[in-house]
Protein chains: 2
Amino acid sequence: MFSKACEYGIRASVYLARQAEKGDRASLTEIAKAIDSPVAFTAKILQLLARHEIIISYKGPTGGYEIPKEHLSGIQLSHIVKVIDGDKVYRGCGLGLKECNASKPCPLHFQFKAIRDELKEMLQSTTVQDLANELHRRPAFLKR
Amino acid sequence: MFSKACEYGIRASVYLARQAEKGDRASLTEIAKAIDSPVAFTAKILQLLARHEIIISYKGPTGGYEIPKEHLSGIQLSHIVKVIDGDKVYRGCGLGLKECNASKPCPLHFQFKAIRDELKEMLQSTTVQDLANELHRRPAFLKR
DNA sequence: AAAAAAACGGACAAATTTGTCCAGTATATA
DNA sequence: TATATACTGGACAAATTTGTCCGTTTTTTT
């Protein structure tokens with residue numbers, strides 16, 4: 001569904017969202033440990049998210065990554081997915097055709113579109129804050 | 001969503017379903033041309049489907065691949081997907097966790113499950129015959 | 001100012017997926 | 001029975017994704 005990179009990206013963002021609620025930032029190694037991901041690979045993904053201003057990075061001692069508290073409710077999962085995986089999740093044809101739309105559909109087009117639209121809706125209506133809250137409300141996990 | 005191999009596999013199966021309605025079989029090269037896929041790679045996929053008895057292969061002149069007419073309504077898309085991509089589409093966690101279920105969920109588990117269940121339902125309730133019919137009812141395409 | 005901590009960025013490496021090639025086997029037809 | 005046709009299966013190659021390494025830059029602390 002999503003690439004590994006994107007999965008790590010979402011998990012890292014949720015972890016940062018939870019830290020943000022505490023007013024904390026987190027270092028690369030802390031994040032990678034918390035979400036059980038390969039450190040150096042995670043670094044690449046965090047850099048990407050930082051370049052797109054979804055998270056903020058700080059160098060030097062006491063540095064790390066951070067999501068400003070006031071951004072928490074504005075960061076949709078769809079933003080993260082778009083930055084890392086692009087928009088193929090939304091636009092792509094289920095059967096891999098380059099050109100597939102209502103006027104020139106593949107035989108699975110309409111069934112597939114229905115599901116993809118729901119996925120899109122879900123990703124747009126879910127924020128990193130929602131998922132951080134989820135971590136509080138019940139025991140939920142970012143690794144294993 | 002699906003692998004390339006799986007996309008080709010579904011497209012090839014739908015093409016074969018349409019041929020089956022005419023009582024025809026189709027050769028590898030004919031199929032690859034019809035669905036615009038790499039010939040040798042398509043061969044691998046057809047072999048896989050044949051080994052799992054989703055399609056039948058015949059060697060020699062007049063040979064090719066075929067779906068028995070009477071099987072048409074019994075072949076669900078989920079069968080094809082399972083043979084080629086396995087069941088990760090159904091079982092996998094949206095955030096890539098190895099262990100993710102209702103009692104130990106990732107923060108996205110329930111939202112994700114809802115969508116995946118619909119996908120599953122759609123793949124199970126759609127047969128290759130349904131898609132072949134789709135090709136008749138309106139202009140729909142298997143390539144481009 | 002020096003040292004240490006932490007992100008950055010580019011090059012490289014491994015793994016997986018996608019795709020190719022070709023010799024072998026089975027089969028229909030002449 | 002010879003020949004041509006078409007699928008089979010294994011080895012190989014290219015492309016993409018995933019993951020690593022390391023020197024550089026920035027910033028904090030001493």
Side-chain angles (χ1 to χ4, degrees), chain A residues 1-12 16 19 24-67 81 83-86 88-89 92 95-96 98, chain B residues 1-13 15-16 19 24-67 81 83-86 88-89 92 95-96 98:
Chain A
M1 187 73 90
F2 306 124
S3 68
K4 282 281 171 202
C6 194
E7 291 172 358
Y8 296 147
I10 296 174
R11 274 150 66 189
L16 283 176
Q19 292 308 100
D24 276 0
R25 67 180 58 153
S27 73
L28 168 62
T29 47
E30 177 186 344
I31 295 171
K33 203 162 292 176
I35 68 172
D36 189 32
S37 64
V39 179
F41 190 49
T42 304
K44 297 297 182 195
I45 298 160
L46 291 171
Q47 283 166 29
L48 187 61
L49 291 176
R51 274 201 296 277
H52 284 82
E53 296 173 342
I54 288 175
I55 66 181
I56 301 182
S57 77
Y58 298 92
K59 288 183 175 181
T62 78
Y65 299 92
E66 186 182 305
I67 297 181
V81 172
V83 162
I84 302 178
D85 279 351
K88 67 186 165 195
V89 182
L95 300 187
K98 293 191 191 62
Chain B
M1 188 75 88
F2 306 124
S3 68
K4 280 283 170 198
C6 194
E7 290 173 356
Y8 295 148
I10 295 174
R11 273 150 67 189
S13 298
Y15 181 75
L16 283 176
Q19 292 308 101
D24 276 1
R25 68 180 57 153
S27 73
L28 168 61
T29 47
E30 177 186 343
I31 294 170
K33 203 161 290 176
I35 69 172
D36 189 31
S37 64
V39 180
F41 190 49
T42 304
K44 297 296 183 198
I45 298 160
L46 291 172
Q47 283 166 29
L48 187 61
L49 292 176
R51 275 201 294 278
H52 284 83
E53 296 174 344
I54 288 175
I55 65 180
I56 301 181
S57 76
Y58 298 92
K59 287 184 174 178
T62 78
Y65 299 92
E66 185 182 305
I67 297 181
V81 172
V83 162
I84 302 178
D85 280 350
K88 67 185 165 194
V89 182
L95 300 187
K98 292 190 192 62

**Spacing of A:L49 atom CG relative to C:dG9 atom C1', expressed in whole Å** = 16 Å

**Item:** Nearest-angstrom distance from the residue atom CD1 of B:I55 to C1' of D:dT8
**Value:** 13 Å

**Prompt:** OP1 or OP2 of D:dT8 sitting under 4.0 Å from any side-chain N/O of B:S57?
**Reply:** yes

**Prompt:** With sequence neighbours left out, what residues match B:Y15 under ring-ring contact (aromatic ring centres under 6.0 Å, His included)?
**Reply:** none

**Partners meeting side-chain contact (heavy atoms from CB on, under 4.5 Å) with A:S27 (sequence neighbours left out)** = A:T29, A:E30

**Prompt:** How far does SG of A:C6 sit from CE of A:M1, to the nearest 0.5 angstrom?
**Reply:** 11.0 Å

Distance-only donor-acceptor hits, side chain of residues 43-61 of chain B, under 3.5 Å, sequence neighbours excluded:
residue	atom	partner	partner atom	Å
B:H52	ND1	B:L48	O	3.1

**Request:** Before giving the answer on side-chain contact (heavy atoms from CB on, under 4.5 Å), spell out for B:V81 and B:I10 the whole-Å C-alpha distance, their side-chain angles and the decisive distance to 0.1 Å.
**Result:** CA-CA 8 Å; B:V81 172; B:I10 295 174; 4.2 Å; yes

**Request:** First locate atom CD1 of A:I35, then atom OH of A:Y8, and finally report the distance between them rounded to the nearest 0.5 Å.
**Result:** 8.0 Å

**Asked** Distance from B:I84 atom CD1 to B:E7 atom CD, nearest 0.5 Å?
**Response** 10.5 Å

**Item:** Any A:Y58 side-chain N or O less than 4.0 Å from OP1/OP2 of D:dT25
**Value:** no

**Fill in**
Here the distance between atom C1' of D:dA6 and atom CD of B:Q47, to the nearest Å, is 11 Å

**Prompt:** How sharply is the helix from C:dA1-D:dT30 to C:dA30-D:dT1 bent, taking the axes over five pairs at either end and rounding to 10 degrees?
**Reply:** 0°

**Prompt:** For C:dT29, does OP1 or OP2 lie under 4.0 Å from any side-chain N or O of B:T62?
**Reply:** no

**Message:** How would you summarise protein contacts on nucleotides 17-25 of chain C per nucleotide, using B for base, S for sugar-phosphate only and - for none, with heavy-atom distances below 4.0 Å?
**Reply:** -SBB----B

**Prompt:** Are OP1 or OP2 of D:dA6 and a side-chain N or O of B:R25 less than 4.0 angstrom apart?
**Reply:** no

**Asked** Over how many whole Å does the gap from A:I45 atom CD1 to C:dC8 atom P extend?
**Response** 13 Å

**Asked** Rounded to whole angstroms, how far apart are CG on A:L46 and C1' on C:dG9?
**Response** 14 Å

**Message:** Taking ring-ring contact (aromatic ring centres under 6.0 Å, His included) as the definition, give me every residue that meets it alongside B:Y65, ordered by chain and number, with sequence neighbours left out.
**Reply:** none

**Message:** As an exercise, state the distance from OG1 of B:T42 to CZ of B:R11, rounded to the nearest 0.5 Å.
**Reply:** 8.5 Å

**Request:** Figure out the CG/C1' separation between A:L48 and C:dG10, and round it to whole Å.
**Result:** 15 Å

**Request:** Figure out the CG/C1' separation between A:L28 and C:dA6, and round it to whole Å.
**Result:** 9 Å

